[in-house]
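Note that the structure is predicted; figures quoted are calculated from it, not measured.
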Amino acid sequence: MKKYKVLALNPGSTSTKIALFDGEECLFSKNVSHDAGELEKFATLSEQLPYRRDMILSLLKEANVSLEDVDVFVGRGGGLVAMEGGTYEVTDLMLEHAKNCANGVIHPASLGPQLAREFAEQYGAKAMVVNPPDVDELQDLARMTGIKGVNRVIHLHALNLKETAIRHSKNVMNKKYEECNYVVCHIGGGISVSAHRHGKMVDGYDIVGGEGPMAPTRCGSVSVADLLQYMKKENLEIADVKKLCTRTGGFVSHTGISDALELTKRAQAGDKYAEMLWNTMIYQIEKCIGSMAAVLHGKVDGILLGGGMVYNEDLVRQITESCSFIAPVYAYPGEFEMEAMAAGAIRVLNGEEEVKEYTGKLVWDGFPWQE
C-alpha cells in the first residue's frame, strides 16, 4: 500500500500546531507560537492567515523541512455548519464558510481549512478537513427539548472522540468502528462525553452551550432557575453567562485557576475545597457516562477515555470503579488530533473511505412538523 505524505495544521488561540506524516510515521512536529500582541492587531481571524502562514513557512525552512512532495494538507475544521462525520475536501464553499464563521462560533479552528487550501494551492496538493467540531450525527430522540422551537445541537471534540474509537476498534476489538458501540470521553481543558453506535456519534453534550460535566474553564449543566437567579444577583449580561460556558466557569469560577495539575496538588496538600471540586468534576463525568450508556441501551463494548487529564491515575481509577459495571474502561491519555487528521486523509487516499462533499446545508434542519 502506498505511503502518503500529509501535513496537519491545527490553529489555536496563540499557536498553530503542525505535523508532517509519511503514512503513520510522524517525520516532524512543532507548535508554532504566535505573539498575542501581533494577533490582536488583526480585526478578524481570517486576516491572521498570511501572518500564521509565513510563520509556519519560516519555521519549516529553518528546520530544513520541504513540502514539495506533500500529497494532502489537512486543516482543523472550524466555522462550518453541522455535518456528518468524515473527511471532506476543502471546496470554495467550505472556504467561504470558514472565513465568515458560518456557524456563529468564532474560533481559530476556522483558519484550518484556509491554511490547508493556501498550502495546497502553493504546492499542487489536496486540501481536506477531518471530523470538524461541528460534526452532528444525533439521533432524532436526542434533538427535542422541553421548549417548543428550541432543538439540541452539540459541539464536541469530534476529531479526538472518533479517532479514539476507530483505533480501539481496530487494535483491541479487531473490528470496524461501524461494528461497535462505545461511550467515548475526551477529558482535557474541555470535557466531551458521547455515545457512539455503529460508527455514528448519536448523542453527546453541547459543551460550548453549557451542557455536560463541569470542566476547568466550563460551568457544565446548571439549573436554568438557579442561573437566572445568579444573573440577577451578580447583575450579569448574556455575554457574561456565555463566558461561564467556555472560559470563566468550572475551576476558574471556584479558584481562579484552570490548571488541573495545580488543583490536584492543592487537594493532595489538604485543601478540602480543591479536593471537593476535583471529585465533583469526576462525579459529573461518571453521571454523563451512565447517561450515554442508557442511550446505547446498555449495549456498550467499551468506555474509552482520552485527553490530557487521563494521565491522572486518580481520575481513571475513580471512573473505572464507578463505571466498569457497564463495560470495560480503557485509558488513552493525551490527544490524537494531529494523527487523527492525517489518518482521516490517508484513509480516503487509500480508498478505505469516501471523501465527502461539504454542502453548506445543515445536516438536520428541523422536524417535519416544523416546516
Side-chain angles (χ1 to χ4, degrees), residues 6 8 10 17 19 21 24 72 74-78 80 82-89 109 112-113 128-139 142 153-188 190-208 212 288-289 292-293 295-296 300-308 310 327 330-350 352-356 358 363-364:
V6 181
N10 189 357
K17 295 178 184 176
F21 292 87
E24 294 185 355
V72 58
V74 183
R76 187 78 176 95
L80 311 175
M83 67 190 80
E84 290 190 326
T87 299
Y88 290 78
E89 186 178 359
M128 298 179 182
V129 300
V130 178
N131 286 320
D134 301 292
V135 166
D136 180 346
E137 298 173 333
L138 290 183
Q139 59 184 342
V153 296
I154 58 171
H155 295 93
L156 297 169
H157 299 84
L159 182 66
N160 254 19
L161 294 168
K162 280 185 163 279
E163 185 66 18
T164 301
I166 290 168
R167 289 178 176 225
H168 183 82
S169 301
K170 180 180 177 180
N171 299 329
V172 177
M173 304 296 292
N174 294 315
K175 293 182 178 180
K176 293 181 178 179
Y177 171 43
E178 292 77 11
E179 298 173 326
C180 302
N181 291 344
Y182 300 118
V183 177
V184 192
C185 309
H186 174 88
I187 307 174
I191 298 175
S192 295
V193 184
S194 56
H196 297 237
R197 179 188 290 126
H198 298 159
K200 298 290 185 183
M201 193 163 61
V202 296
D203 206 346
Y205 297 97
D206 181 12
I207 64 173
V208 172
C288 290
I289 289 172
M292 292 298 110
V295 166
L296 298 172
V300 184
D301 294 305
I303 298 167
L304 315 182
L305 312 179
V310 178
Y330 300 87
Y332 293 97
E335 299 180 352
F336 302 113
E337 286 186 340
M338 309 308 281
E339 293 88 347
M341 286 192 282
I346 290 169
R347 284 194 294 270
V348 165
L349 294 175
N350 280 335
E352 297 173 43
E353 286 184 17
E354 294 273 340
V355 68
K356 294 187 176 179
Y358 179 73
V363 71
W364 184 85

Is the closest side-chain heavy-atom distance between [X] and [Y] below 4.5 Å?
X    : Y    : answer
H196 : N181 : no
R167 : V172 : no
S192 : Y205 : no

With sequence neighbours excluded, what pairs up with [X] under the side-chain contact (heavy atoms from CB on, under 4.5 Å) test?
X    : value
A195 : V202, D203, M292, V295, L296
V129 : Y88, V90, M94, P113
K170 : E24

Going by the rule side-chain hydrogen bond (donor to acceptor under 3.5 Å, both in side chains), which residues pair with [X] if we only count those two or more places apart in sequence or in a different chain?
X    : answer
D136 : R143
Y182 : S169
E178 : none
T164 : none

Got a donor-acceptor contact below 3.5 angstrom from the [X] side chain to the [Y] backbone?
X    : Y    : value
K162 : G199 : yes
K356 : G85  : yes
E163 : N160 : no

Taking all non-hydrogen atoms of both residues into account, name the closest pair between [X] and [Y] and its distance.
X    : Y    : answer
F21  : A8   : CE1-CB, 4.4 Å
L156 : S194 : CD1-CB, 4.1 Å
I303 : A327 : CD1-O, 3.9 Å
G204 : L138 : N-CD2, 4.1 Å

message: Between C185 and I289, does the side-chain contact (heavy atoms from CB on, under 4.5 Å) criterion hold? Intermediate values first, please.
response: CA-CA 8 Å; C185 309; I289 289 172; 3.7 Å; yes
Set of residues satisfying ring pair (Phe, Tyr, Trp, His ring centres under 6.0 Å) with respect to H155, sequence neighbours excluded: none
- request: Decide yes or no on side-chain hydrogen bond (donor to acceptor under 3.5 Å, both in side chains) for H198 and Y177, but give the supporting numbers first.
  value: CA-CA 6 Å; H198 298 159; Y177 171 43; over 6 Å; no
Check: residues 332-349 side-chain donor-acceptor pairs under 3.5 Å, at least two apart:
unit_1, atom_1, unit_2, atom_2, d
Y332, OH, H168, ND1, 2.6
E337, OE1, N10, ND2, 2.7
R347, NE, E353, OE2, 2.7

message: Do the side chains of K200 and E84 get close enough for a salt bridge, i.e. N-O under 4.0 angstrom?
response: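 Yes, K200 and E84 are salt-bridged.
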- request: Determine, step by step, whether V74 and V130 satisfy the side-chain contact (heavy atoms from CB on, under 4.5 Å) criterion, reporting the C-alpha distance in whole Å, the side-chain angles of both residues, the deciding distance to 0.1 Å, and the verdict.
  value: CA-CA 7 Å; V74 183; V130 178; 3.9 Å; yes
